[in-house]
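Notes to accompany the following structure.
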Amino acid sequence: MTALDDQPWDLVIVGGGNAALCAAIEAAEAGLKPLILEAAPKPYRGGNSRHTRNFRCMHRGPLSVLTGAYEEDEYFDDLIRVTKGETDEGLARMTIRTSEECLPWMEAHGIAFQPSLSGTLSLSRTNAFFLGGGKALVNAYYNTAHDLGVTTAYEAEVTQIHVTGPRFEGVTAKIAGQETRIEGRGLILASGGFQADLDWLARAWGPAARNFLIRGTPYNRGVPLKQMLDHGADSVGDPTQCHAVAIDGRAAKFDGGIVTRLDCVPFSIVVNRNGDRFYDEGEDVWPKRYAIWGRLVAAQPEQVAYSIIDAKSRDLFMPSVYPPVEADTLDGLAQKLGLPGTKLRETVEAFNAACRDGDFHPTELDGLSTEGLTPPKTNWARPITEPPFYGYSLRPGVTFTYLGLKVDETARVAGPAGRFDNIWAAGEIMAGSILGQGYLAGFGMTIGTVFGRIAGQEAAAHV
Amino acid sequence: MFDRIEDEAPTLTATDEARRQVEICNACRYCEGYCAVFPSAFSQRAFSDGDITQLASLCHNCRGCYYACQYTEPHEFALNLPRALAEVRVESWDRFAWPGGFARLFQRSGGALALMLVLGIAALFWALTALAPASGEGFYAYLSHAAMVAIFAPPFLLPLAAIAIGLRRYWAEVGGQRIRWPHLKAAFADAATMRNLSGGAAEGCNFEKGDRYSQARRHAHQAVFWGFLLCFAATSSGTVLHYVFDMPAPYGLFSLPKLLGLPGGLLLTVGAIGLIALKFKADTHLGAPEVWGGEVAFVALLGLTGLTGLLLYFATGTALVAPLLALHLGTVLAFFLTTPYSKMVHGFYRMAALIRDAQRKQG
Ligand SMILES: Cc1cc2nc3c(=O)[nH]c(=O)nc-3n(C[C@H](O)[C@H](O)[C@H](O)COP(=O)(O)OP(=O)(O)OC[C@H]3O[C@@H](n4cnc5c(N)ncnc54)[C@H](O)[C@@H]3O)c2cc1C
Ligand code: HEM
Ligand code: SF4
Ligand code: SF4
């Protein structure tokens, strides 16, 4: 590898995920010599992008693996519904429109797509799935970037960003344990959110956040974001909020990824440590509810909850990566889960007594609701009676944080005295501009691809 | 070489490890598009030993799912599905082989295969001197047709019987059903194109260039596969000419045995050299490392059958025919005798797995 510190680089890119790679490829194709500084070691390169499976893409007719059409207005409506209006309409519409040309661009740069995965057929029109998932995508982009002459340093965590007035000068990075100053003529920040810094999360969210699990990479600790905020960069997004879903409570602290997903909740009752139910488990189909359950579980004692089903429901949802806790009696299950046995039995009995007869349809809202129970269960309410009984623990799993850098449609970062001369941001680190609240499946990769490419092109035009 | 057989007790740990990994895949499903293994796995929730055997035999060791996996080491899930399934294949071929024990030897030990080769060649040299006919044309001047048939019929037919026993065991373990024509059609189409080495849409496999895709292994295998079938067809056509049309060898260049055999021998030789070269470039830890040597020896043996056949053809009319004939026929003998126990059985079990998968898909 060339000595990293013996030249001013055309372009320094902080981060090694989707947004960074799209930026590096565009910049290199325009003739720059970019340097990627990736905090993670090579096997873990690619941040949260390595955990993804698809991106959401506008298209006016069938496009590659995408069926039918998904036009700008429908896409925008879907976005408004989840963000409840917390979006910059101009940036959002530009992102949506540009997504259409991203798909062929991705294919031309090594990404292979496949039809929707089994169990996600509802997304076959709106989301294009990466063959092999996000790590295959990341690998393909690294190969393309390296073929174009991009240099990559792994285990290179940027600790400081040096800015004079509106100009970026260089970064300090810890490379193989050594602090190294690296000069550059332009900077692209693509280092994701700060969710892996549990102290920061606890300051923002409250001490309970220490019990949260982080679904993705441990390397997104927000150091570059914090540096830029200290330099007076404009921020966007609620600094106290994170996107959290309910995942398997037994998952590792970091990098559990997609397999820690649990789909049992709609067919179960969910109790907290005290054995009490606390929310309507059957409010809607699971893809529309798993995000609010992160928050619900976060509000329970010790940030944990337990989803209880019986033998009838065992095969109704995608298999879990950890087998459920199993027992022939409710008391036995309570004991294994560490729940108060009498209380759990009472809760289940009260629930069973509130169930009524009716047709059960696992794949649609069947209106099979409890009567006279608070909180009610408004769909899929069937008595829990048939042994063996199964229990899954649930914990909040953080996907990303909302606080980010404010950018314009050229991905340029703004500071105290207007735009910085030579600093751009792409991906999760600026996503708050468009996704102020909620989440739309596949939109994170869309933002990263669109803004990564723009940042790379803009850097090439301005450094 | 032989003492290694003793210290490996038969266990099902390879199956258990593969099951652990496949269950993680079943919660993830990202690799669904790479090959037939995943759609087959994802049609189930629980995996019996037979299910794992079937998945392992479907896996073409393209390694796409290794490089795509976010759960490979150092992640705690330690996914390495290509290796886990390769280990299951090795173990299952040991288990199905009849008589037991030979597969343990010939799969793992390149030395044992080499020894067979030496024995085969020696046997042929002996036959050439001991059974030299009084008269005859072409090869038959050195070894009569009757002697050749006497030498080769048993080593050809007995291994076929042994393989049939292994296949029956396989079929019972994976719960195979009655085979119908559409199953065979689908399976042959998959094998003929090596569809499962195509990497889904990503143009080839990840065998020798890390996470980059390459068609090299697929093309080299095509060469070996078709080369072998052509050679086989050449020999068969010779047999038919001999018995049905009363046209004994030698045959001219424009005869069926030569038209099939020459390109066949070339493809077989070139393909085998290619496969060996690729094996030296590839990461051994994404396959079953303990059989690497046995595999290389098997590919070399296969390539030698082609090469010695070609040499024999080019030596026609020279003094080299006798030694080359011994070399070629000895190689063929060693190849046939070890077929049920060497890597060669993969063709049969893989074919069975493709048929079984066609049954699953077609219902
Ligand atoms: C489990 C999971 C599944 C997801 N699935 C999808 C999906 O299917 N579709 C979708 O659109 N979105 C999905 N998302 C969201 C998606 O991952 C993000 O929106 C997207 O990956 C963001 O890309 P990025 O390049 O901005 O950040 P990342 O891919 O997270 O990359 C950030 C990079 O910055 C590096 N870094 C951080 N700090 C430093 C530093 N100080 N110095 C140097 N480098 C640093 C990191 O190591 C990393 O390489 C998922 C998220 C998770 C957690
Ligand atoms: C019946 C269909 C067949 C299928 C589906 C098949 C499939 C495969 C696959 C997937 C591999 C690579 C994976 C591995 O190393 O285990 C392989 C290797 C190989 N095959 Fe086949 N094969 C078939 C028939 C044949 C035939 C007829 C021959 C020739 C005699 C042959 C010769 C080889 C050789 C030489 C190798 C390389 C072994 C190695 O590298 O270790 N195959 N085959
Ligand atoms: S190999 Fe890894 S990425 Fe592929 S399906 Fe299995 S767990 Fe998922
Ligand atoms: S190695 Fe290739 S053929 Fe085997 S399971 Fe993985 S993707 Fe399928």
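Chain naming here is simple, since letters A, B, ... match the order of the sequence lines and numbering starts at 1 in each.
Interatomic distance, OH of Y71(B) versus NE2 of H51(A), reported as 6.0 Å (0.5 Å rounding). One finds the CD1 atom of I24(B) at 11.5 Å from the OG atom of S320(A) (value rounded to the nearest 0.5 Å).
A heavy-atom distance below 4.5 Å is found between the side chains of Q70(B) and I258(A). Using a 4.5 Å cut-off on side-chain heavy atoms (C-beta onward), K209(B) and N143(A) make no contact.
Comparing T260(A), D147(A), D263(A) by how many heavy-atom pairs each has under 4.5 Å with chain B, the most go to D147(A). By number of non-hydrogen pairs under 4.5 angstrom with chain B, the leading residue of P43(A), S118(A), P323(A) is S118(A). With chain A as the partner, the residue from P74(B), C25(B), G200(B) showing the most heavy-atom pairs under 4.5 Å is P74(B). When A136(A), G132(A), G46(A) are compared by the number of non-hydrogen pairs under 4.5 Å with chain B, G132(A) comes out ahead.
Neither the backbone nor the side chain of C65(B) comes within less than 4.5 Å of any heavy atom in chain A. In this structure, no portion of T217(A) lies under 4.5 Å from any heavy atom of chain B. Heavy atoms of Y142(A) lying under 4.5 Å from chain B are absent altogether.
Salt bridge D211(B)/R45(A): present, at least one basic N to carboxylate O contact under 4.0 Å.
Judged by distance alone, the side chain of Y30(B) and the main-chain N or O of L117(A) form no donor-acceptor pair under 3.5 Å. When atom types are taken as modelled, the side chain of N139(A) and the backbone of Y67(B) share a donor-acceptor pair closer than 3.5 angstrom. Formation of a donor-acceptor pair under 3.5 Å by the R53(A) side chain with backbone atoms of C28(B) is not found in this model.
Residues of residues 31-47 of chain B placed with any heavy atom under 4.5 Å of a heavy atom in chain A are listed by number as C31(B), E32(B), G33(B), Y34(B), F42(B), R45(B). The interface of residues 106-116 of chain A with chain B, defined by heavy-atom distances below 4.5 Å, comprises A112(A), F113(A), Q114(A), S116(A).
In K42(A), the NZ atom is not crowded: 12 or fewer heavy atoms of neighbouring residues, nucleotides or ligands sit closer than 6.0 Å. Around atom CH2 of W105(A), more than 12 heavy atoms belonging to other residues, nucleotides or ligands sit under 6.0 Å away. For K185(B), the NZ atom is loosely surrounded, since the number of other residues' heavy atoms within 6.0 Å does not exceed 12. By the 6.0 Å contact criterion, CD on E203(B) is open, its count of non-hydrogen atoms from other residues, nucleotides or ligands being 12 or less.
For P319(A) against R29(B), the heavy-atom pair with the smallest separation is CD-NH2, 3.9 Å.
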